[in-house]
Amino acid sequence: MAMATVKLSSPAAGLLAGGRTRRSAPARRATVIRAAAGSYSDELVSTAKSVASPGRGILAIDESNATCGKRLSSIGLDNTEANRQAYRQLLLTTASLGEYISGAILFEETLYQSTTDGKKFVDCLKDQNIMPGIKVDKGLVPLPGSNNESWCQGLDGLASRCAEYYKQGARFAKRTVVSIPCGPSALAVKEAAWGLARYAAIAQDNGLVPIVEPEILLDGDHGIETTLEVAEKVWSEVFFYLAQNNVLFEGILLKPSMVTPGAEHKEKASPEAIAKHTLTMLRRRVPPAVPGIMFLSGGQSEVEATLNLNAMNQSPNPWHVSFSYARALQNSVLKTWQGRPENVEAAQKALLVRAKANSLAQLGRYTGEGESAEAKKGMFQKGYTY
């Protein structure tokens with residue numbers, strides 16, 4: 001999956017920081033576009049449809065070792081491979097998880113790990129009809145000539161890595177592309193869009209369904225209309241370059257942010273307002289050929305993320321509108337587990353509660369009744385990194 005992170009620092013933040021005028025985009029001459037997913041075209045379409053299946057969504061557990069360490073430290077555990085393996089075993093061996101989860105995005109370490117009984121995590125997923133996915137980026141570095149923005153390394157050698165991940169059993173991919181903290185600038189948006197498109201083409205050529213993810217961070221005190229404006233600009237660039245790179249739209253998945261006000265905005269938006277603005281953006285920018293929109297939670301509380309998804313599924317959409325949540329599926333699980341073997345079963349039940357709630361939201365049937373106070377706590381962290 002590819003991700004571009006966009007941070008809006010204030011309501012007045014324009015699409016170009018520093019008052020600069022946006023550069024003219026390359027001339028968009030009419031051309032015949034031929035999707036070039038190679039010999040994997042049919043498989044890519046089948047994989048994407050499987051992930052975008054009714055009542056199911058994605059469990060994102062692709063946190064880097066450093067980020068996973070922060071999660072573990074919150075419950076008093078050291079950041080060791082053994083503790084990371086134990087936590088991910090808890091998640092990936094949860095019985096009946098496949099009723100609500102269609103895909104799981106893994107970090108590279110996890111893709112090659114096994115349970116304490118010797119069963120590969122990939123096989124645990126396949127046994128429940130859950131598609132294994134893989135994060136393929138190599139980290140963020142400063143973007144020269146930008147407004148203190150970043151871009152993501154990882155295109156070099158991506159083809160060979162994707163081929164190896166496919167052999168290991170992965171069938172879709174995620175790539176974090178760029179952080180855009182100031183505006184964003186035209187340079188950062190273009191770099192993000194082009195990077196996403198190149199990654200998507202390379203992933204498809206090696207049998208992996210790319211998840212395209214330009215995330216707009218919750219940071220800032222801007223209003224929802226500003227978020228909508230920036231989201232439309234970013235997605236416009238992304239789809240232009242996806243087409244230029246002959247990416248097969250039927251063989252991709254999207255992972256956008258919901259269109260919300262900044263986390264520090266004085267007024268919160270209702271689920272209905274968020275649904276209206278988010279679906280407006282998608283209808284203006286996303287072709288109906290794309291099979292699935294798998295939203296990220298972006299620091300919303302577990303209940304907020306579920307309520308907002310439910311609001312978007314109150315009427316038919318041209319795409320499968322679902323979830324690809326990390327914190328909004330795992331927060332209650334971690335706090336229930338506490339690193340204790342005797343709590344594993346209770347923690348797995350907590351995961352199923354959250355997975356089922358979001359399954360119902362994907363079907364437009366979630367009510368929010370009986371949710372715990374813990375599930376209603378926000379998880380926004382300013383400057384959060386994955």
Side-chain angles (χ1 to χ4, degrees), residues 1 3 58-95 97-98 101 103-128 130-140 152-154 161 164-165 167-176 211 213 255 296-299 302 324-352 354-355 379 381 384-386:
M1 152 176 23
M3 181 177 78
I58 294 173
L59 171 63
I61 54 171
D62 59 326
E63 301 91 348
S64 67
N65 287 346
T67 300
C68 189
K70 293 177 183 177
R71 304 269 175 89
L72 294 174
S73 68
S74 72
I75 57 171
L77 292 183
D78 293 332
N79 185 16
T80 64
E81 182 177 355
N83 284 336
R84 294 192 298 271
Q85 187 273 347
Y87 177 55
R88 284 159 174 164
Q89 177 171 320
L90 180 161
L91 297 170
L92 299 178
T93 60
T94 298
L97 187 63
I101 299 297
I105 311 169
L106 310 177
F107 191 61
E108 185 176 53
E109 176 183 76
T110 315
L111 182 69
Y112 291 92
Q113 283 179 327
S114 301
T115 67
T116 50
D117 294 331
K119 186 174 184 177
K120 293 179 181 179
F121 282 156
V122 167
D123 291 334
C124 293
L125 293 171
K126 289 181 177 179
D127 285 350
Q128 293 212 54
I130 299 173
M131 289 285 181
I134 178 68
K135 180 179 180 181
V136 298
D137 75 271
K138 292 296 181 180
L140 294 169
C152 189
Q153 303 174 99
R161 293 201 310 279
E164 286 301 314
Y165 296 149
K167 289 179 183 177
Q168 184 63 17
R171 288 299 178 267
F172 67 98
K174 167 188 172 179
R175 178 174 185 260
T176 301
I211 294 184
E213 182 183 359
K255 186 172 179 178
L296 56 90
S297 55
E302 291 177 329
S324 178
Y325 292 165
R327 286 174 284 174
L329 283 173
Q330 296 181 52
N331 189 53
S332 296
V333 179
L334 265 175
K335 293 186 176 182
T336 302
W337 178 46
Q338 293 294 316
R340 299 172 182 168
E342 64 269 24
N343 292 344
V344 166
E345 185 177 348
Q348 290 179 328
K349 287 181 179 178
L351 175 59
L352 288 177
R354 293 266 41 95
M379 292 178 281
Q381 297 177 33
Y384 180 81
T385 54
Y386 290 85

A side-chain contact here means heavy atoms from C-beta on lying under 4.5 Å apart; do L59 and Y325 qualify? no
What pair of heavy atoms forms the shortest contact from L352 to A95, and how long is it? CD1-O, 3.5 Å
Calculate, to the nearest 0.5 Å, the distance between atoms CG and CG belonging to L72 and D78 respectively. 9.0 Å
Taking all heavy atoms of I134 and all of A170, pick out the closest pair and write down the distance. CG2-CB, 3.8 Å
Are the side chains of T110 and L92 in contact, using a 4.5 Å heavy-atom criterion? yes
How many angstroms lie between CD in Q330 and SG in C68, if you round to the nearest 0.5 Å? 8.0 Å
Name all residues meeting the side chain to side chain donor-acceptor pair (under 3.5 Å) criterion together with T80; count only those two or more places apart in sequence or in a different chain, and write none if there are none. N83
How long is the span from the CD atom in E302 to the OG atom in S297, to the nearest 0.5 Å? 9.0 Å
If you round to the nearest 0.5 Å, how far is CG of L329 from CG of L334? 12.0 Å
Quick check against the 3.5 Å criterion: does N79 have a side-chain atom that pairs as donor or acceptor with the backbone of S73? no
Looking at every non-hydrogen atom in both residues, tell me the closest pair between T93 and C124 and how far apart they are. CG2-SG, 4.1 Å
So I75 and Y87, side-chain contact (heavy atoms from CB on, under 4.5 Å) or not? Walk me through it. CA-CA 12 Å; I75 57 171; Y87 177 55; over 6 Å; no
Heavy-atom donor-acceptor pair, Q348 side chain to L90 backbone, under 3.5 Å: yes
Only counting residues at least two apart or in another chain, list the ones meeting salt bridge (charged side-chain N to carboxylate O under 4.0 Å, His left out) with E109. R84, R88
So do the side chains of L106 and L125 get within less than 4.5 Å of each other, counting heavy atoms only? yes
Spacing of CG belonging to L111 relative to CZ belonging to F121, to within rounding of 0.5 Å: 11.0 Å
Salt bridge (charged side-chain N to carboxylate O under 4.0 Å, His left out) with K349: which residues, sequence neighbours excluded? E345
Taken in chain and number order and not counting sequence neighbours, the residues that satisfy side-chain contact (heavy atoms from CB on, under 4.5 Å) with Q128 are L97, I130
Salt bridge (charged side-chain N to carboxylate O under 4.0 Å, His left out) against K126, all qualifying residues, sequence neighbours excluded: none
Side-chain heavy-atom pair S114, K120 within 4.5 angstrom cut-off: yes
Please name all residues satisfying salt bridge (charged side-chain N to carboxylate O under 4.0 Å, His left out) with D123, sequence neighbours left out, ordered by chain then number. none
In terms of heavy-atom contacts, S332 and R354 come closest through OG-CD, 4.5 Å
Under 3.5 Å, side chain of E108 to main-chain N/O of V136, donor-acceptor pair present? no
What do the steps show when you test Y165 against Y112 for side-chain contact (heavy atoms from CB on, under 4.5 Å), and what is the final call? CA-CA 9 Å; Y165 296 149; Y112 291 92; 3.9 Å; yes
Sidechain-backbone polar pair: Q89 side chain, T116 backbone, donor-acceptor under 3.5 Å: yes
Please name the pair of heavy atoms, one in K135 and one in F107, separated by the smallest distance, quoted to 0.1 Å. CD-CD1, 4.4 Å
Heavy-atom pair with the smallest gap, counting every atom of V122 and P132: CG1-CG, 3.9 Å
In this structure, CD1 of I105 is separated from NZ of K255 (nearest 0.5 Å) by 4.0 Å
